[in-house]
Peer 1: 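Below are the structure tokens for one structure; questions will follow.
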Amino acid sequence: MHEMFPDWLRTLSPDDTLTQLPVAEWWAAVESMVAEATPDDIIDLTRAACGRPTPEFDMSWRGHLREHHEMSPLRGQERQIAVLAGTAVIHASESGSHRGLASYARRCARHAGWQPELRDVELTDADIAASGTDVRHLPEWPTPRRSPIAASTYAASIPGDGVPVTGDVLKAVLESLASAAADAAQRTARQVVKAAAQREERLIEQADVLSWLLAGRCADLECDWESLSPEGAATMAAAAVLDLTYFDIGRPDAASLIGQAVDAASSAQDSVDELADRQSVLDSHGFAVDGHLADLQVTCAAVYGGQSADADSIDIGIRIHDELFLQREFTGASS
Amino acid sequence: MTAAPPEDFAGICSLPECLAGSGGACRLGHEPIECDNFRPAPDQHPVEDEPGSAVPAESATPSAEPAPADVQATPATPAAPASKGAGAAERGFESRVPTPEGPREMVQLGEPAIAVHSADALSDAEVRDLMARTPVSVVVIAGPPWAGKTTLLATLYQEFIRAPIGAWSFAGSRSLLGFAVRAYWSDSASGASSPTTVRTNYDLTRPWLHLRLGRDGGLFDVVIADVSGEHFGPFRGGGPLGPVEPYFRRADHVVHLLDAALLKERRDRGRALTASQGLLRRFGESDMFAEGTKHTMVISKVDACDPEVVDSAEEQANGWLARWFPGSAVVRVAARPRTDEPPYGLEELLDAIMSVSRPTASQVVKPSLSRVGRRLFSRRTVLHPLTSEDHEEEGGAA
């Protein structure tokens with residue numbers, strides 16, 4: 001059981017003992033839901049956690065809870081159902097095969113102004129920063145493996161007392177020793193190759209980000225950041241940072257990178273052309289105004305609609321980054 | 001395949017559109033005698049006492065009363081005598097309904113029973129049920145006996161009957177009777193010559209009082225534990241807090257009471273302050289509170305003491321709070337002033353208590369896409385949930 005699960009359920013009880021709540025049954029329901037969740041389920045769990053489930057998912061989620069605890073309500077008690085959905089979406093963002101999707105769904109729900117019944121659902125920044133740093137940590141090179149040749153490896157080949165050592169006996173002993181050494185070397189080589197691949201993946205992302213940063217211009221539009229409005233720069237930079245992210249958790253320095261572009265932007269108002277460019281870049285990243293995730297992509301929708309901005313552009317950029325990241329994770333997981 | 005009753009076997013079926021009662025086929029395909037929905041006509045019931053009886057004799061008695069199995073909350077009936085004249089009185093209750101002629105009317109309650117709230121103070125289970133539906137803040141009041149914990153709650157009820165308290169409006173309660181009981185002895189209807197409050201029972205069967213308050217278009221639910229001051233005596237002396245400890249561990253807000261009436265006499269003052277400090281210290285040094293639990297110190301009955309003494313007590317209380325519960329506030333309350341003045345300090349107390357509350361789910365305004373966009377681009381702040389004014393504007397625009 002998740003160590004925080006009983007704590008999360010305290011919000012459903014006036015005392016601390018929780019003895020009257022089916023904690024074990026509910027946890028079994030949450031765990032099995034997360035283990036078998038599809039990308040659609042993760043998004044629906046997020047909606048349910050914020051008290052806005054689709055009718056179909058509401059029925060399905062209540063039915064799932066009922067399977068694990070026969071007294072679970074099939075109607076009413078919406079808050080209890082939402083709290084349990086919240087625990088499931090938090091658990092999904094910490095384990096299972098849709099961690100990134102669940103993390104960014106929670107984050108986008110917060111951007112949309114949704115209020116989860118379980119407050120921890122909206123506390124994602126620290127988790128994403130920690131996970132994002134963790135997955136980008138350069139793995140250590142493996143320690144060269146010494147050949148672990150045990151006596152048993154060659155004992156069978158050594159003749160007993162009084163038996164002369166012949167060439168065949170020596171050959172058998174040497175072959176067993178060589179085989180064990182080759183096996184150890186092979187294992188070490190495999191580990192080195194794996195570590196090299198992982199390090200290369202991380203270093204490539206890092207190198208790409210550095211070159212993008214040092215270039216100091218918008219690669220998609222082939223222009224300097226200075227020629228864009230802050231909102232335009234924020235949108236383009238958000239999309240660029242997303243393109244430079246090779247892992248299922250975003251870069252912990254995404255806000256800083258977007259901020260570099262926004263700071264370099266001019267204070268001029270955006271033009272009609274810029275709006276078209278923004279729409280184009282959002283289109284290319286899979287955003288659709290009436291798409292499946294539209295209710296979780298409110299910032300993208302606003303930017304797409306060309307609403308004039310007097311808001312913190314870096315904040316807009318971060319939100320666009322998160323919403324496009326959600327789109328990417330959802331599309332990737334669904335395909 | 002459906003089963004039809006024998007032609008000479010009549011009765012009533014409670015299942016809609018089933019023809020078994022009129023000699024047709026059973027809708028469920030059952031043999032009528034085996035079907036739970038079918039009741040044979042009275043003259044076809046074998047009597048229990050008779051050899052070969054298959055149906056309880058009570059069913060054979062023509063009566064306006066429904067069969068016990070059909071009506072919930074019907075008193076358990078012992079086996080009825082076979083004779084028709086035995087009557088309902090022998091079955092444990094008196095029937096005032098005349099026995100109709102002909103077949104009995106069947107009463108069938110297909111839906112599960114619906115709980116009717118007694119409006120008394122709530123039990124833990126009832127609060128859990130409430131919390132499964134709506135966000136509820138849990139408030140616990142701590143203080144020695146006679147410090148004014150229950151009087152505070154009774155006065156809140158009495159004041160809300162008259163008018164809103166500051167910006168807080170009464171919007172409902174599941175425990176109105178519980179409030180009324182606590183306020184009864186301070187009401188002229190009680191016939192008492194002076195207002196008083198009955199001492200709270202040590203029992204914790206129904207400790208919770210519920211309030212739903214409205215403010216700025218939002219509704220806020222809160223349950224307040226009215227527990228006896230006797231629970232805190234052993235705790236202050238170093239003992240366990242006992243059965244109320246789980247409430248404190250869960251509490252969103254804890255109100256600590258300091259009885260200003262005890263500060264009136266110089267000889268009692270030191271002891272009263274030491275007692276309050278001791279209780280606060282025990283709470284402060286325990287690890288029972290969650291990280292987000294808020295604390296407020298209430299100096300009650302401030303009308304009973306010189307203002308200078310209250311000032312001094314408040315200063316000391318602020319020092320205690322700064323040490324054990326930093327960021328907490330002191331509120332002066334006179335829930336039942338001895339003069340003709342109205343109670344005061346209640347609004348500040350409500351402000352403090354409700355600071356941890358969230359609006360009920362039904363009042364959480366759902367932002368629309370276009371509205372969020374406009375909000376996002378209209379100011380240099382992070383997004384906020386829309387307010388009811390936004391929605392009205394939205395509706396008006398539409």
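These numbers come from the heavy atoms of this one structure, side chains and all, not from hydrogens, waters or symmetry mates.
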Peer 1: At what distance, to the nearest 0.5 angstrom, does CD of A:Q77 lie from CG of B:D129?
Peer 2: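 Result: 5.5 Å between the selected atoms.
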Peer 1: Using the rule given for side-chain contact (heavy atoms from CB on, under 4.5 Å), can you reason through A:D15 versus B:R128, listing the C-alpha separation, both sets of side-chain angles and the distance that settles it, and then say yes or no?
Peer 2: CA-CA 9 Å; A:D15 60 32; B:R128 262 192 295 278; 4.0 Å; yes
Peer 1: Can you establish whether the number of heavy atoms outside A:E70 located under 6.0 Å from its atom CD is more than 12?
Peer 2: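 Atom CD in A:E70 is not crowded, with 12 or fewer foreign heavy atoms closer than 6.0 Å.
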Peer 1: Output the distance between atom CE (B:M131) and atom CG (A:L9), rounded to the nearest 0.5 Å.
Peer 2: 11.5 Å
Peer 1: Tell me, side chain or backbone of B:V138 under 4.5 Å from chain A's heavy atoms, or both, or neither?
Peer 2: side chain
Peer 1: Identify, with sequence neighbours excluded, every residue that meets side chain to side chain contact (heavy atoms under 4.5 Å, CB included) alongside A:A28.
Peer 2: A:H68
Peer 1: Which of these, B:L122, B:V136, B:V127, sits in a side chain to side chain contact (heavy atoms under 4.5 Å, CB included) with A:P14?
Peer 2: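 Testing each of B:L122, B:V136, B:V127 against A:P14, the sole residue satisfying side chain to side chain contact (heavy atoms under 4.5 Å, CB included) is B:V127.
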Peer 1: Where is the tightest heavy-atom contact between A:L12 and B:A132, given as atom of each residue plus distance?
Peer 2: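 Of all heavy-atom pairs spanning A:L12 and B:A132, the closest is CD2-CA, 4.3 Å.
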Peer 1: Measure A:I81 against the heavy atoms of chain B and call it side chain, backbone, both or neither at under 4.5 Å.
Peer 2: neither
Peer 1: Counting only heavy atoms not in A:R66, do more than 12 fall under 6.0 Å of its CZ?
Peer 2: yes
Peer 1: Indicate yes or no: at least one non-hydrogen side-chain atom of A:L18 is less than 4.5 angstrom from one of B:R250.
Peer 2: no
Peer 1: Quick check: are there more than 12 heavy atoms from other residues, nucleotides or ligands sitting under 6.0 Å from CE of A:M59?
Peer 2: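 Not buried by this count: 12 neighbours or fewer within 6.0 Å.
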